[in-house]
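Contents: one structure, followed by commentary.
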Amino acid sequence: MRFSNTLQLNAVPEWIDSYVNYDSLKKIIFQLEKEHVEDLNISTDTEIALEHKIDGEKRFIAALDKQLEKVIEFYTHKESELYSMLNQIETQIERTEDINSTHHNKDSSAPLERLDSTYHFPNIRDPEKEDPTQKLETIAPERSFSRSSHFSRRMSRQSFESRMSIGDEDDGLLVERLADLRSQLILLYISFSELESYIELNRTAFEKILKKYDKVLEGNLKAQYLKKMVLDSRPFMPTTVETLKGQLLRIEKSYADAFCGGNHNLALRQMKSHLRDQVTFERNTVWKEMIRQERKANDTKLIESKVVKTYKIPFTQRRIESSLVSQLISFTIAIVALIVLLVVDCFGEREENYCFALLIFCAIMWATEAIPLYATSCLIPFMIVPLGILRNPDGSVMAAKAAAKATFSAMFSGTIMMLLGGFALAAALSKYGIAKAFASHVLSRAGTRPMWVLLAIMFVSGFLSMFISNVATPVLCFTLIDPILRTLPDKSRVAPCLILGIALSSCIGGMTSPISSPQNIITIQYMNPNPGWGLWFAAALPIAVITMFVCWGLLLLVYKPASDTPHLNTIKPTKEKITKQQVFICLITILTIALWCAESSIEENLGDTGIIATIPLFVFFGTGILNKDDLNNFLWSVVVLAQGGMALGNAVTSSGLLQDIALRLKDGISDLPVIAILAVFCFLILVFATFVSHTVAALIIVPIVMEVGEHLPIPHPNLLVMGAGLACSAGMGLPVSGYPNMSAVMLEDPSGKPYLTTKDFVITGIPTSIISTCLIFTLGYGIMSGIGY
């Protein structure tokens, strides 16, 4: 949670205007940062730029002084007021105890002893004597009403009096006075506790805003201002805090002596219970107000909210959203196709016909997203077994029980385990700031020229995609470039250039390692033997690096970012010290990747890459580095989607459909050279991945490619499968072409206008996709042939 939200959530609502205005100070810092970047871009003289920096620091110090004076003035006033109230209440308690002692002889059960521990707010006052309640209500005029209405307090008082057997008018007056004194003491205890919290929150606010100033503007103001100005001020002196704690002890002692028979622990428990109730109430109220203001702020953006298109259902008064209509149409088409293909004999064998019908049904459901992708995957096992698709090795139909066992066995394999191991590595690297620290240090050395900053952020995105997947990488990189985006002039061409660079480089990075994207996991499932990280790197990295440079050149050619902003704000590296946890995580990550790279040489001992993937899982969760919440945050939808694809792939193979399709395709392409066959499949997958999804393209087409490769005159299944898998990541020409593009198109500028449109992706993404695909079936073919594929 941002500190500005933390401050608002923990502040006393009635005192909110007396806290440090953290947001306004932060805006001043960002404005000074923007002015500094503008000075760089207009080539201001060094001395003039230095004068501007000094003037900016003076403006910020003046704003700090104003906030500090406000805090000191409020604290001094509130301290004096509360101390005076405490003295008056203690005086009243002493008088009440004297009166109580005179009643003790008359009644062995004095009113002081008969008083229950229920908290009631002051209501009835003695008009002849000064009552501190009036001052307490001026301290927090809304607080008494926030807990209980006037009517409820009156009923509570009547309930109290009805429980007391009072036959004497003076005795009743004494009970009322005691109830008022208890309420005053509790309210005073709450006020003193809130004043203590007020000091701590404001001290933290000054520390954090000064730290932000030093980080953003590369200053050294925190050490000087905090020590000389803030900590030397009365509210933040150690003696002040100790005195305040002493006053709290006075209240606890007075309450214990008067109402708990001297039992200090009981008094403390009762008073803290009321304090806890008050804090809970105020936080709930403030939280609701924060949500209301956030929604209001989102509603006031300049961009107009989209009008939901609806259609009227014939012969009824009900209307239905257009998105639901399209989903129903897509679902209907899929069902009709399933029924027709179940009836029509296309392959001469019932199992193959039924499997083909299921394959087309799943392809339509995945392509149109009539229901979520993972929901379709969950439907696949249910349809495989009742349709009787699976066959035994002898060609007979597999029994339902055996088919169910075979289907679920296919859905969990070493490939799925490697996917989970990759998620564990990504979660640890992100949670402990390792990925962010690495990226910020690299980007801080990129300088201020847009062309080099763009190249640096693209290679950082591609590199991080190897280890934390191209699903999480764009989100992290978009956060890293925020200091640049907020200092850009309006309508700058740099913003869309940087954001599109991150999205496209993350798509390219999706081909670089076996765990960098879901489609790679699916591809490895159909490669025998498993290529391991070493062979995958050998084929994928050269293609990815060259594609990255091509994409960089296209972005510079299309956007010309230096034309309107020749210098950008420098990204500051993180300055946190390296922790033991970070070192441990890096060691486990390096060990896991090293074992994956050496998998072929240790296969006799470990058997599968999935066994290696268990290392980060049991180490990180076993040592507490990751917890249950981190496990819940895994991309389980991707896992389920991959499992459904594996179940379908097993069904297509077992039914004989895959072999039949491969034989028919082989007759048409067997005369072509392998490089031409690879080119045909790469472009087929490129079109499918661009318009549908990288993962869905791999699920549907890669199994067919494998079977075709096995039935060639000279089999090359691994070459074709790996080339097809790499081509899945090459599709990046539309906003729907992959997770990175989907994340990028959602980003908006401060006015609510999207940074990118479909046109941006088409102009740069389609040429990059075509060049990348050409590299796969030329350079990639040469490398894969060289390593024996």
Side-chain angles (χ1 to χ4, degrees), residues 346-347 356 359-360 363 366-367 507-508 510-511 517 519-520 522-528 531 539-540 542-544 546-547 550 645 649 652-653 657-734 737-738 765-789:
C346 299
F347 294 91
F356 182 68
L359 179 65
I360 298 301
W366 277 330
C507 288
I508 297 168
M511 67 175 70
S517 60
Q519 57 267 24
N520 292 0
I522 297 166
T523 300
I524 288 175
Q525 177 74 12
Y526 293 99
M527 296 183 70
N528 186 23
I543 297 171
I546 295 174
T547 305
V550 170
V652 171
T653 304
L657 174 65
L658 195 60
Q659 184 177 4
D660 202 343
I661 293 175
L663 290 174
R664 297 189 184 194
L665 288 174
K666 186 194 74 169
D667 295 337
I669 61 176
S670 58
D671 295 334
L672 297 175
V674 177
I675 188 171
I677 297 173
L678 178 60
V680 170
F681 279 119
C682 283
F683 277 110
L684 175 64
I685 286 179
L686 174 64
V687 173
F688 205 92
T690 299
F691 288 94
V692 183
S693 164
H694 296 171
T695 308
V696 174
L699 287 171
I700 296 174
I701 302 178
V702 167
I704 299 174
V705 173
M706 177 201 70
E707 199 68 21
V708 170
E710 288 183 345
H711 287 84
L712 291 176
I714 301 177
H716 292 285
N718 280 354
L719 187 150
L720 292 181
V721 168
M722 188 170 185
L726 295 176
C728 291
S729 296
M732 59 189 90
L734 291 174
S737 298
I766 289 181
T768 304
S769 299
I770 294 173
I771 293 172
S772 178
T773 304
C774 292
L775 285 170
I776 290 170
F777 68 78
T778 54
L779 176 62
Y781 172 79
I783 295 173
M784 288 184 285
S785 298
I787 60 178
Y789 283 173

Provide the closest heavy-atom pair for [X] versus [Y] in the form atom of the first, atom of the second, distance.
| X | Y | answer |
| --- | --- | --- |
| A539 | M722 | CB-CE, 3.6 Å |
| A724 | I685 | CB-CD1, 3.3 Å |
| S769 | L686 | CB-CD1, 3.8 Å |
| V721 | T523 | O-CG2, 3.5 Å |
| L678 | Y781 | CD2-CB, 4.1 Å |
| C682 | T773 | CB-CG2, 3.7 Å |

Any side-chain heavy-atom pair of [X] and [Y] under 4.5 Å:
| X | Y | value |
| --- | --- | --- |
| D660 | F356 | no |
| T695 | W366 | no |
| Q659 | H711 | yes |
| I783 | P542 | yes |
| I661 | V652 | no |
| S729 | S517 | yes |

CA sep, side-chain torsions, deciding dist, call: T768, T547, side chain to side chain contact (heavy atoms under 4.5 Å, CB included): CA-CA 7 Å; T768 304; T547 305; 3.9 Å; yes
Measure the [atom1]-[atom2] distance between [X] and [Y] for me, rounded to the nearest 0.5 Å.
| X | Y | atom1 | atom2 | value |
| --- | --- | --- | --- | --- |
| I766 | I771 | CD1 | CD1 | 12.0 Å |
| L699 | H694 | CG | NE2 | 13.0 Å |
| I787 | L719 | CD1 | CG | 8.5 Å |
| L684 | I701 | CG | CD1 | 4.5 Å |
| L726 | M784 | CG | CE | 6.0 Å |
| L720 | Y526 | CG | OH | 15.5 Å |

Stepwise side chain to side chain contact (heavy atoms under 4.5 Å, CB included) check, I508 with S772: CA-CA 9 Å; I508 297 168; S772 178; 5.8 Å; no
Under 3.5 Å: donor-acceptor pair, side chain of S785, backbone of G782: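 The answer is no, because no donor-acceptor pair under 3.5 Å joins these two groups.
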